[in-house]
Structures are given as structure tokens and as C-alpha cells.
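None of the values given here were measured: they were computed from a predicted structure. Here is the naming used below: chain letters follow the sequence lines, and residue numbers restart at 1 for every chain. Both backbone and side-chain heavy atoms feed into the values below; hydrogens, waters and symmetry mates do not.
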Amino acid sequence: MRRHSVPMAMLGRLTLIAGCCGPAAARADVPMTYLRTFGGMKGLQITALTWGLLILSIVVVVITSALVLVGVLIRRSRAGAAEREPVSQTGSGVQWIYIGVGISTVVLAAAMVWNGYTIAAINSPPRDPRLTIEVRGHQWWWEVRYLSEDQSRIFETANEIHMPVGEPVRFKVSTADVIHSFWVPAIGDKIDLIPNQTNTTWLEAGRAGVYRGQCAEYCGGQHAHMGILLVAQEPADFEAWWRHQLTPVSSADLAVQEGQQQFVLHCGACHSIRGTRAGGRLGPDLSHLMSRRSLGAATLPNTIGHLSGWIADPQRVKPGNLMPTLDLSGPELASIRAFLEVQK
Amino acid sequence: MSDATIRPEALPVGSIGRKASGWWGMLTILMTEGALFAYLLFSYYYFAVQYGRGFLPDELPKFRLSLPDTIILLISSVFVWWGERGAKRGANLQLVFGLLGTLILGVVFVGVQLLEWRDKPFTIGSSSYASLYFTITGFHMAHVIAGLIMLSAVMVWSLLRYFDAERNSPVSIAAVYWHFVDIVWLIVFFTIYVTPRLW
Amino acid sequence: MTVGTYDRVPALETGGHAAPAASQLTRLWESKPGISGWLSTVDHKELGKRYLATAFIFLALGGIEALMMRLQLAQPNQHLLTPEQYNQLFSMHGITMIFLYAQPILSGFSVYLFPLILGTRDMAFPRMNAFSYWVYLAAGLFMYASFLVGAAPNDGWFNYVPFALKPYNPGPNMDFYALGMILLGISTTAGAANFLVTMLRTRAAGMSINRLPILTWGTTTTSVGILFSMPAVSLAFFMLWLDRQFGTHFFDSTARGQPLLWQHLFWMFAHPWVYIIVLPAMGIVSDALPIFCRRPLVGYTVVVLATIATMVMGFGVWLHHMFATGLPFLALSFFSGASFVITIPSAVAVFAWIATIWTGRPVITTAFLFFAGFISMFVIGGVSGVMTASVPADRQLTDTYFVVAHIHYVLIGINLFPVMGGLYVWFPKMTGRMLNERLGRWNFWMVFIGFNLAFLPMHWTGLAGMPRRIYTYPDGMGWGTVNMVTTVGSFVLALGVLLLLINVAISRRHGAVAGPNPWDGPTLEWTTPSPPPPYNFATMPAVASRHPLWEDRLEEGMGKSSLQRGMVLANGKEMLAVTPLDGLPDAILKMPEDSYSPLVATILMTAGFTGLLLHWWWFAGACVFLLLACLVVWLWPERTLGQIAGARHV
């Protein structure tokens, strides 16, 4: 147990109070703010430092602006024009600089110490993470891979990431094309996805909930629509989710089986669903698609209506994205929809 | 001090040695071109650190042509230094022969470098090493050629008897540029030919 | 001391601007009228005004680009612009403002003012001065030509790879940017060389190094910065161009290229660049604010040292743009610490200005308002910079609108505000007319209110998590209202800027007539008529203090400057060279006549770059050959320049 956790916890409570409104309401209003954190100890330390520097900044601005304003008002000339106000130099005035810079340096030094301490504190997790998640960025979606020592438990999903609450999780991030940046503000800080490089970071969720993130490094046309949903769950729920993701969906319904064939035919070149013959790797894995809260990397809510619209014309929602507009007939689309509907 | 400034003694007029604006201008050129080579070599070292031994080609760059070439360039600097001394004494013939010597050796340097390029088993697009090798040596060669053009112009002006013991700034300007190109080559040579053998 | 073959004792005259030599000097120094004079002039005053006018045009273009983006972002999910249009606009907005406005506008002030405030007749290299301007104009046109083919740069002004490489960007967008920036770099470097040599060599006698106006310190320090930093970005763009054209492997990660190398080279240039675009503007304030406080600047020496320190340290902090890229712990700590420490010299300057106000008698004019407002904006930009200097905080703040707020406070606050204030101060000198004060107050308040309305809430937008460079955003993020406020503010700001342009347009013809020294300023430019004659000074001034025109009223205990009697140097186009530190007379320089060489060189160079853009290799080669010939002609020794042996009495 870290010795400084009590002051940090108090700071955390102050942070939440200072953020005003309850966490749930705040999250709903401004889901991507990082002035409130749910990122455990790491999130707390980052947020505390951010608030500290913010308050310090505001104080400095107020003081210096007041100095300017008051100085102008008190000392201003009544002569009305520069050439009518006599030139005079009363003293060198250089003490102002020494005092002002002296105070600034002390304050800055304190901030530097706090900064240095925080960098060190968040650099590595308090204990070795049990779970490692690999995130691979694509234009404009997220490939997510859950690692495990048990080979049979390794699986892939896309765009929606689940993690357990209350323990550090290792994230290993890479990219398939250009530079992206993985960022879920309420949980933790950004990490860039650089070609030919695997960056490693760690995050910890302090509270269960759904947190929104977004790619934070310009990556081309649809950078604006490369969102992330991070779902933090109590460990039991998380384990249940994992097991569910590993379980293939089966259905005796003929319409569904017909739909599966259509899916493999039209979609399998790019997409994969575990338990079917669709094994394409160009686009997101769609296993248990209907268990996700959004489509298109947090671009659309995941309803059947939106899904149909997306499949029929992905270019309308995310122009320039790499899913072509297929010319599916009505029946084909309905069939695929019937299949996907049950991928819960 | 005010007195001296409004009761001046005789002042030299025009382009006199290191008082010429052109001399100062050339120094600024050397600052910025020096920085350019620093960034080129930074790029080389960055790759080397990132990739380790895998960055280098299987066949390390050889001394067979590059070492004599380096010596040729060093000797060419001696020629231009000797020529500049002649200029400062008003010995026009010494100046012209000094410049001629530098020019000939400079052309030889470029020729040998081109031979080395031709003999390379890779092209500029073969690998990162190849891209860097040709770009670094290419930039240097371009600077040598620019120096040769400068020296040619100065030689023409010498033959036209534009210079004497006091008015000869272009000679110094071209000479310092040439020495700069020489020093840069030594650092480039060290980086490309010597450091691979140090790991 | 032995007298050299080419020495001459310069003649002295009395009378300042009414000296008998004035008419002779006019004939020697004035440019021909009409189009031929316009194309061939090397008069720094003319070139300075051209820089200012051209930079203001780019400011307007960049502003229009911004307003279009603000309309698109005012509400969630709008469709006024397509993603590609938006991406080109945000890229060109950054490129225009940071490269085609922010530095050239300061060059404009410095090109115009250097010889006047230094007490001499022109810059050290008048033809290169003209060349710098023409190449700047050409590079701006070159990059804007990309819009004509619908292929403007679209990867932001820092142009990260691999997105800037051919597989992701097959069109000519990046080639316009890469080649255009290399071309612009030539202009900027030439200008920097000119400022450095001018400051060191061509000054009034007696103007020792500790008597130089702070504007010259700011510009010269940044000129050294340019000389050392520009090659990094020119090289990076050249490597990018090679990767795109010839399949080299500097950056392309598919073949062991290093994408991060781009970021290193780019930021090793671009971080010093952000100081380059503010230090001269800080120098403007350091020189002009004291005029309106009726006393010399507090702490001249520490302000000079702080200027130099900022530029030097500016080379050691570039990694703070890359905190999220997965760097090792030691690198993060060092660069974070350095980024904190660089605040200290800026604090020196801020307290110097505050002290000057408090120990002086401020006269509230439009110019003064801009300078006072500037101090506050500077601090806001500075503290938001301190926040991003902290690695943990930065890894939340970076790539959000918080950084956009920061950069606009430092750019508009520390560059545009001094520029506007400076225009009110020196417009009378440039044109002989005062800018209208009433319109000026409206100008200031609209700019001040509009700017803060647009960008102060933007700190909140960033803290609310809105990332940069997104062409739209969804509902329900809490970003809608604040984006609307920013949009409204940006239009108010634009109106404020428009008012300045209107003020300039009206006052040029109808403004109150200005004498030589309408503000009772202390430095040498205020001794000349407004506008100055082509030769600036009929008799070269000799100075004995930092504030020659205030000597009688300050007790600095120095000697007395000689403004009425001095060397006349009228045996042709001549001016004085001095020793760098003490400012003692060192030589009489012969200055060139107006010339077409700079323009011809520019045209050939631009044609060559166009050839590279279009892959017309032989054409480009031919242009290079002709350019070299042009340079040889330009540099050919001339009798009248005192470059030929045996030519005396030139």
C-alpha cells in the first residue's frame, strides 16, 4: 500500500468536489473531460497535478493582469498626449524584476518538483498487471486483442474495450497504417500509436461505467469519427463478458443461417465473426456485434436501424472510410441483417 | 568617445579584406550550412541508434577510394590557402596557381566520389542506409560543386586583375568556404567510413 | 596608424536633414519612378512596407480560412464543409499564419526600421533584402497555387508521416508544401543573414552593443536562431519529397524508415520557430512601450540577456511536442524540466514591462492599449504553456483545444497585438500621417474583446476533451455552446482587424499630418522627416547613449549624441561600417544601385521549384544553371562598389 495514498485520496475527493456535480451527471454532460477522473490512482495523480497547475495559472494571470490594470490606472498621465508628458526616470526600477522573477522562480520550482514526482509515480503500475490488451489503430477504427496465458482465451474484438475495475491493465498499442493516439480522458492519458513501434502504457479504472474516448492524433479524413467506448466492469461482470465473447452464437433459425451465408459471401472478405467462415482482417471483427453500444467507432448508436443504414451506405455516415458502398439488394440486406441481429 | 566618432581618422573605402560585408555574409552561410550537415548527421546517428548493426549494409563502406579522396581534398585546401596568401601579398600569379590547383583537385574529388557511387551495390531507394548515404554524400558533393563554381569565378576575376594586396575579399570568402567544405567532409568521412568499424 | 591605399577621411557637415548634401544624396539614393523602379528597388523602406502589406494579406487569407472553419464548428454535426475541405483549410490556416504571416510581418518591421533605428542608410545587403522579399512572395504564391488545383496541404502544418507519404497522400498536396517550404526557407535564411550582419556592422558611430534598441536584439537573436534551425525543416521536407518522389526510405515505415525522425527534425526547427515569431514582437513592445510611459525600459540589460536566453533554451525543449509518443522516462523528465525553466526569461520581460508602467507615467493611446493588453495575453499564453510543459498534464492537454487556445494566445497575444500597436507607433514615420485615434480605440477594443471571447473559453473546450483537427463533433459532448461562443468571438475579432485595415486605408490620405517625432520618442528614427528621405540621414549621427533624443532630460551621465553634425558620406551610395562591440567607425561601405538581379533570381528559382513539382527534371536543371549564371552576374565585382583593385575615388 502506498504511503501517500491517504493524502492522494483526499486530493481525489477534493478534485471531485471541485469538479462540481456528481460523477454520473458530469460524465453525461461532458463525457470527455479530464477535470474529473475515474482512472484510479494514476488518473488521480494526473488530474490533481492538472488542477494544481490550472489554479496556479489562473492566480498568476489574475495577479499580473491586476498589476497591469492598476498600474495603468494609478500612474496614468493626465497630459493627454505623449509629447506633453515630460520624460523622467525615477530610479532604475530593476528591483521589480528581481522580486517578480524571484517569486516566479520559487513557484515554478515547486511546480517542477510536483511534476517530477508525478512523472515518476505514474511511469509504471503499482504491481504487474495481470491483463494485457493490445490495441491496433487503423484508419478509422480500433482493433482490440485480449491476451491471456491460456491460448484458448485469446480473442479479438473492435472499437469497444472492456476492462476490469480496480486493477492496473497493460495496454500495448500499435498501428496498421498512420499515427493515431489512444485516449480515454476520464480514465487516463494519451499514448500515440506509431508505425513500427509498440508503445506500452497502463490504465486503471476506479469505477464501473462507460467512458468515451477518441483518437487524438490527426490521421486523415475521418479522424473526427474514430471514437472509443471503454466499458469498465466489476471483475465478475468482466469475466462474464469475456466468456461470452468467446462463445460463438448459434441459431437453428433458417433465416439466420441463410443470412450467415450472405454475410460470409458479401462481408467475409473484410470482416470476421468467430464461429463462422468469415475471416477477413481488413475491417473490424464483428463477433457479438449487437453486444456493443455503438457502430463505426462510436459514430452511430448500435440499433438495427442504424446498422442497416450503415451497411447500405457507409460513405454517407463516414465519407472516405474504407468500407465501400456495396450494391446489396433489399433481400440481401434483410438477410444479412437477420443474421447480425442475433449476434448479441 | 563621442569625439572620436565625429572626428574620424581615415577609413578604408569599399571591399577591404575582412571588413567587406561579403565576408560577414559568408560566415552566416557557414553557420547555416554547418547546421544543415549537423542535422544530416543527426539523422544518420538516429537510424544507427534505433537499428544497431542492422542499419549498416553487409559490406561496410571501403577506404580504398574514400581515403585518397579525403587526402586530395585536404591538399586542395592547402592550395587555396597558399593562393590566398599570394593574394594578400599582391602576388597575382601565386593566387591564380593556387586557385587552379584547388580547382583541379576539387574536380578530381568529385570524379572519385562519382566512381564510388557507381560502384555501390545499392541505389538510393534500396534501404534507409542507402537513402542516407547518397543524400549525405550528395549534399556534400553539391557544396563542393558550388565551391568549384565560386573558385572558378574568383580565378576569372584574378586573371582580370581585379585584386591586389588590399582589395581581395572574394578570395578570402571563397577560401573560407572551401575550408568549411573540407572540414565538413572530415566529419562526414568519420561518420560514414570510420564509425561503422568502431561498433 | 598606417593609411591604406584605399583610405579616405570622410567629410563632415552640419545641418542634419537640412544639410547641403541632401539634394545630392537624394539623387544618389532614390529609386527610379514607375514600374522599373518598383521591380528593381533595393530601398529597405519600400521593401519593409511590401513585407508588411503582403503579410497582412496573408493574415486576411488565413483569417478567412479560420472563419470558414468556425462556421463549420459552431454547432455539432454540421455539413458546411466536407472532411477534405476542412482538412485542407485547417492545414493552410496554420501554414499561412505561422509561416506566411507571423515571421514576415516582423521582418517587415525590422527591414523598415533597422537602418533608421541604427542610424544608417540601408541594410548590409540591399539586393539580398529585395531577394528575400521576392522569394517570400513567390513561396506564398507557390503554396497557395495548390488551392487552384484543389490539392492544398491537408495534414496540418506539422505534416506528420506516414500520412504525408505517397500511399496515404498520392496527390500533389504535400509536394506543394514541401517544395514551398524549402523555397520559403531560402527567403527566411537570407533575411536572417541580412539582419545579423546589419546589426553587427552597419550602425551609427558610438552605438556600442549596449546601446542597441531591443527590437534589434530580438530580431538578431532570432536571426541566429533561424540560421541554426531552418536547415532542420528544409532537410525534413527535402527527405519527405525524396520519399514521395524516388522511393527513398527516410520515413516510410514499410521499409525500416523512421516516422519519428520526421517529428524530431520538424520540432527541432519548429520549437525555435515559435520563439522566432515572438521575440522581435516583444522587442517592439520593449522599444515602444517606454515611449508611452515616458521613461526608458526598466532593466535593459536583463531583458537583452533574457531574449538571448530564451532563444538558446528554445533549442533544448523540442521534445515537449512529443510527450505522448512513448519516449523514455529520462527524456521526458529532462525536456519537461527544461520547458518549465524557459519560462523564467519570459518572466523577466513581463516584469520589466510592468515595472516600466509602474515607474513611468503611462499615456493612454491606442498603441499603449495594445501593449498593455499584450502583457496580459502574454501571461495567459505563458501559463497555459507551463501547463503543457508538465508531462502528465500534457498527455491530457495535448492535441485538444487547450493547446489551440495556448497557441492563439501566444500567437495573437505576443505577435499580433505588438504588430498592431507597432503600426500605430510607426505608421506616422512610414507615411507622414497619423492613424486615427478614435478608430484606433474601436480597433483595439473589438480585437481585445473578440479575441478573448473566442479563445478564453477555448481553454474550457480543451479541458472538456475536444480533440484538435476534427471537422465535426457529435451532440452530447458538452462542446456545442462553447464552440458557438468561440465562433461569435472570432467574427468580432475579424471585424476588429478589418477596422485596422480601414484605418490604414483612410489615414494614408486623410490622416493628420505627422512631423518627425509625433510621440516625442527617444531613438534615431524620430530624427528623420516623416516619411524619411531615401538616404535616411544626410549626416550620419553619432550616439552617446541609448536614448539620444532624451539625453537632455535624463541624467544618464553619458556624453552627448551628435545628431546635427556628422559624416556626410556622399561620394556615391555610401554608409558607415562600425566595429561590432564598441561601435567605432571601421570602414566606408559602398552600396549597390537598384538591380533586377534579385527579381530574376527569384523567378528562376521559383521556376526551378515548379519544375521539380511537375517532375520536369530537365527544365528544373536548366533553371538551376541559369540561376547560377544570374548569381555570378549579381556578385560580379564592380568599380562603384569598391571591389576592384586600383579604383580609387569611387
Minimal non-hydrogen separation, C/A464 against A/V30, with atom names: CB-CG1, 3.5 Å
Under a 4.5 Å cutoff for heavy-atom pairs, which residue among C/F323, C/Y300, C/W519, C/Y86 has the most contacts with chain A? C/W519
Ring pair (Phe, Tyr, Trp, His ring centres under 6.0 Å), paired with A/W96, selected from C/F351, C/W358, C/W353: C/W358
Give the C-alpha distance, both sets of side-chain angles, the deciding distance and a yes or no for side chain to side chain contact (heavy atoms under 4.5 Å, CB included) between A/T64 and C/F378. CA-CA 10 Å; A/T64 47; C/F378 186 116; over 6 Å; no
I need the minimum non-hydrogen distance between A/Q197 and C/T325, along with the two atoms involved. NE2-O, 3.3 Å
Quick one about C/D399 and A/S181 (side-chain donor to acceptor, distance below 3.5 Å, no hydrogens or angles considered), yes or no? no
Selection from C/T365, C/D155, C/I375 maximising heavy-atom pairs under 4.5 Å formed with chain A: C/D155
Quick check: closest heavy atoms across C/V363 and A/E85, and the distance to 0.1 Å? CG2-CB, 4.0 Å
If you count heavy-atom pairs under 4.5 Å with chain A, which of C/T301, C/N517, C/T400 comes out on top? C/T400
Any idea which heavy atoms bring A/Q222 and C/P83 closest together, and the distance? NE2-CG, 3.6 Å
What one should report as the nearest heavy-atom pair of A/H223 and C/R469 is CD2-O, 3.3 Å
A/S57 and C/M387: CA distance, side-chain angles, deciding distance, side chain to side chain contact (heavy atoms under 4.5 Å, CB included) verdict: CA-CA 8 Å; A/S57 300; C/M387 287 183 69; 3.6 Å; yes
Chain A: which of C/P167, C/G478, C/P259, C/A389 shares the most heavy-atom pairs with it under 4.5 Å? C/P259
Please step through side chain to side chain contact (heavy atoms under 4.5 Å, CB included) for the pair C/S376 and A/V68, ending with a clear verdict. CA-CA 8 Å; C/S376 224; A/V68 174; 5.7 Å; no
Backbone N/O of C/L463 and side chain of A/T33: donor-acceptor pair under 3.5 Å: yes
Centre-to-centre under 6.0 Å for C/Y160 and A/Y218, is that the case here? no
Among C/C293, C/A352, C/S333, residue most engaged with chain A (heavy-atom pairs, under 4.5 Å): C/A352
Tell me, with the steps shown, if C/R395 and A/I46 meet side chain to side chain contact (heavy atoms under 4.5 Å, CB included). CA-CA 9 Å; C/R395 289 208 289 237; A/I46 297 173; over 6 Å; no
Validation row, ring centre C/Y471 to ring centre A/H225 under 6.0 Å: yes
Looking at chain A, which one of C/V303, C/V391, C/D520, C/V383 has the largest number of heavy-atom pairs inside 4.5 Å, strictly under? C/V383
Would you name the heavy atoms of C/S336 and A/N115 that are closest together and state the gap between them? OG-ND2, 2.8 Å
With a 3.5 Å distance limit and no angle check, can you tell me whether C/R295 reaches the backbone of A/G91 through a side-chain donor-acceptor pair? yes
Flag, side chain of C/R361 to backbone of A/R76, donor-acceptor distance under 3.5 Å: yes
